[in-house]
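For reference, the structure discussed in these notes is given below.
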Amino acid sequence: MTDTAKPRREQILDSASRLFSERGYHATSMRDLAGDLGMQGGSLYAHISSKEELLIEIVNQASRQFDTALFTLRGEAMPADQKLREAMYRHIRVVADNMDSATVFFHEWKHLSPEAYARVTGWRDTIDAFYRELITQGVQEGTFRADLDIKMTSYLVLSAVNWAYTWYRPGGSLGPRDVAEQFADMLLGGLRAPTGERP
C-alpha cells in the first residue's frame, strides 16, 4: 500500500521496490507501477524519465545504506572478531529493514545498463575489500588463524550476510541481531586462532 503522506517521488520508489522485488524488473511494466500508485500511466513521466532510472536509484540508495552502516566501523577501536560480528549484524540489519530494495539490489541489478552495472560491481569490490580488511586485521592481531585464505574467507562472510534477503522474514522468531550472532558464532569458531597460537 502506498504511503500517501510521503512525497510523490518517494512513493514511486517504494512502489517500484516492492513490485520489482515481487515480480522482477522486466516483468513489471510502467502501467503496473502507475496502477499500483493509482496514477495514469503518462503521469509517471512527470516524475521519472524511465523505468531504469528507478532501478538505478533503488540500487544506489541501497548501496548508500550499506556504506553508512559498515564503513563507520573502520574507525572503531575494537578487536577484529568483535568488529566482524558487528559488521555482520549491521549488514543483515540493512537487509532486514529494507527487504524490497535489498531484494532488488542483490537480484535485479544485473538488468542495469553497462555504466550503472559497472558502478555496482565497483561497489561490490569496496564491500569485499572492507571485509578483507577486517579479516586481515584479525590475522595480524593473532585473533584469527594465520593460515586463512583472506579472499575465500571474505566470500564466505559475504555469502552469509548477502543471501539473507532470500529467506529472512521480518517479524519472525529471530531478529537481525539473533541471526548475526548465530552466523558469527559459527564462522568465528573456524576463524579464531587456537589459544596457544595467540600472542
If you define the side chain from C-beta out and look only at heavy atoms, does anything of Thr28 sit under 4.5 Å from Glu22? no

Got a salt bridge between Asp14 and Arg18, using NZ or NE/NH1/NH2 to carboxylate O under 4.0 Å? no

Under a plain distance cut-off of 3.5 Å, with no hydrogens placed, do Gln11 and Arg8 share a side-chain donor-acceptor pair? yes

Apply ring pair (Phe, Tyr, Trp, His ring centres under 6.0 Å) to residues Phe66 and Phe106 and explain how you reach the verdict. CA-CA 12 Å; Phe66 284 112; Phe106 288 118; 5.7 Å; yes

Does Lys51 count as lying over the ring of Tyr25, i.e. NZ or CZ under 6.0 Å from the six-ring centre, within 45 degrees of the axis? yes

Check for a donor-acceptor pair, side chain of Asp178 on one end and backbone N or O of Gly175 on the other, with a separation under 3.5 Å. yes

May I ask you to test the Met99-Arg169 pair for a side-chain heavy-atom distance under 4.5 Å? yes

dist Ile135:CD1 -> Asp81:CG (nearest 0.5 Å) comes out at 12.5 Å

Shortest non-hydrogen contact from His91 to Tyr131? ND1-OH, 2.9 Å

Under a 4.5 Å cut-off applied to non-hydrogen side-chain atoms, are Phe183 and Arg85 in contact? no

Assigning hydrophobic clusters by single linkage (Ile, Leu, Val, Met, Phe, Trp, Tyr; side-chain heavy-atom cutoff under 4.5 Å), is Met78 placed with Tyr89? no

Between Asp149 and Lys151, is there a salt bridge with N-O shorter than 4.0 Å? no

Nearest heavy-atom pair of Ala87 and Leu134: which atoms, and what distance? CB-CD1, 3.9 Å

Measuring from atom CD1 of Ile58 to atom CG of Leu13, what distance do you get when rounded to the nearest 0.5 angstrom? 6.0 Å

Output for pair (Thr103 OG1, Asn98 CG), nearest 0.5 Å, gives 10.0 Å

Distance-minimising heavy-atom pair for Arg93 and Pro176: CD-CG, 3.8 Å

Do you know which two heavy atoms are closest between Ala96 and Tyr168, and how far apart they sit? CB-CE2, 3.4 Å

Rounding to 0.5 Å, atoms CD (Glu86) and CZ (Arg177) come to a distance of 5.0 Å

Measure across Gln65 and Ser101 and return the closest heavy-atom pair with its distance rounded to 0.1 Å. OE1-OG, 4.3 Å

When you measure from the side chain of Asp32 to the backbone N and O of Ser29, does any donor-acceptor pair fall under 3.5 Å? yes

Set out, in order, the CA-CA distance, both residues' side-chain angles and the distance that settles side-chain contact (heavy atoms from CB on, under 4.5 Å) for Val120 and Tyr117, then state yes or no. CA-CA 5 Å; Val120 174; Tyr117 184 96; 5.9 Å; no

Answer whether the closest heavy-atom distance between the side chains of Leu44 and Leu37 falls below 4.5 Å. yes

Step-by-step side-chain hydrogen bond (donor to acceptor under 3.5 Å, both in side chains) determination, Glu57 to Gln61: CA-CA 6 Å; Glu57 190 159 345; Gln61 196 173 73; 5.1 Å; no

Just by distance, do the side chain of Arg90 and the backbone of Ala69 share a donor-acceptor pair under 3.5 Å? yes

Indicate yes or no: at least one non-hydrogen side-chain atom of Phe144 is less than 4.5 angstrom from one of Thr136. no

Test item: Gln137 side-chain N/O and Glu133 main-chain N/O as donor-acceptor pair under 3.5 Å: no

Stepwise side-chain contact (heavy atoms from CB on, under 4.5 Å) test for Leu73 and Phe130: CA-CA 10 Å; Leu73 270 174; Phe130 167 79; 4.3 Å; yes

To the nearest 0.5 angstrom, please state how far the CG atom of Leu187 sits from the OG1 atom of Thr153. 9.5 Å

Centroid-to-centroid, Trp109 to Phe20, below 6.0 Å? no

Would you check, one step at a time, whether the test side-chain contact (heavy atoms from CB on, under 4.5 Å) holds for Tyr165 with Val94? CA-CA 10 Å; Tyr165 84 91; Val94 171; over 6 Å; no

For the residue pair Asn162 and Ile127, establish whether any side-chain heavy-atom pair is separated by less than 4.5 Å. no

Using the rule given for side-chain contact (heavy atoms from CB on, under 4.5 Å), can you reason through Arg145 versus Val139, listing the C-alpha separation, both sets of side-chain angles and the distance that settles it, and then say yes or no? CA-CA 6 Å; Arg145 289 168 25 208; Val139 171; over 6 Å; no

Would you find more than 12 non-hydrogen atoms of other residues, nucleotides or ligands less than 6.0 Å from His107 atom NE2? no

Honestly curious: do Met152 and Val161 fall in one hydrophobic cluster under the side-chain, below-4.5 Å linking rule? no

Measuring from atom OH of Tyr155 to atom CD1 of Ile150, what distance do you get when rounded to the nearest 0.5 angstrom? 12.5 Å

Scanning both residues in full, the closest heavy-atom pair of Ser113 with Glu52 reads N-OE2, 2.6 Å

Residue pair Arg119 / Ser63, side-chain donor-acceptor N/O under 3.5 Å: no

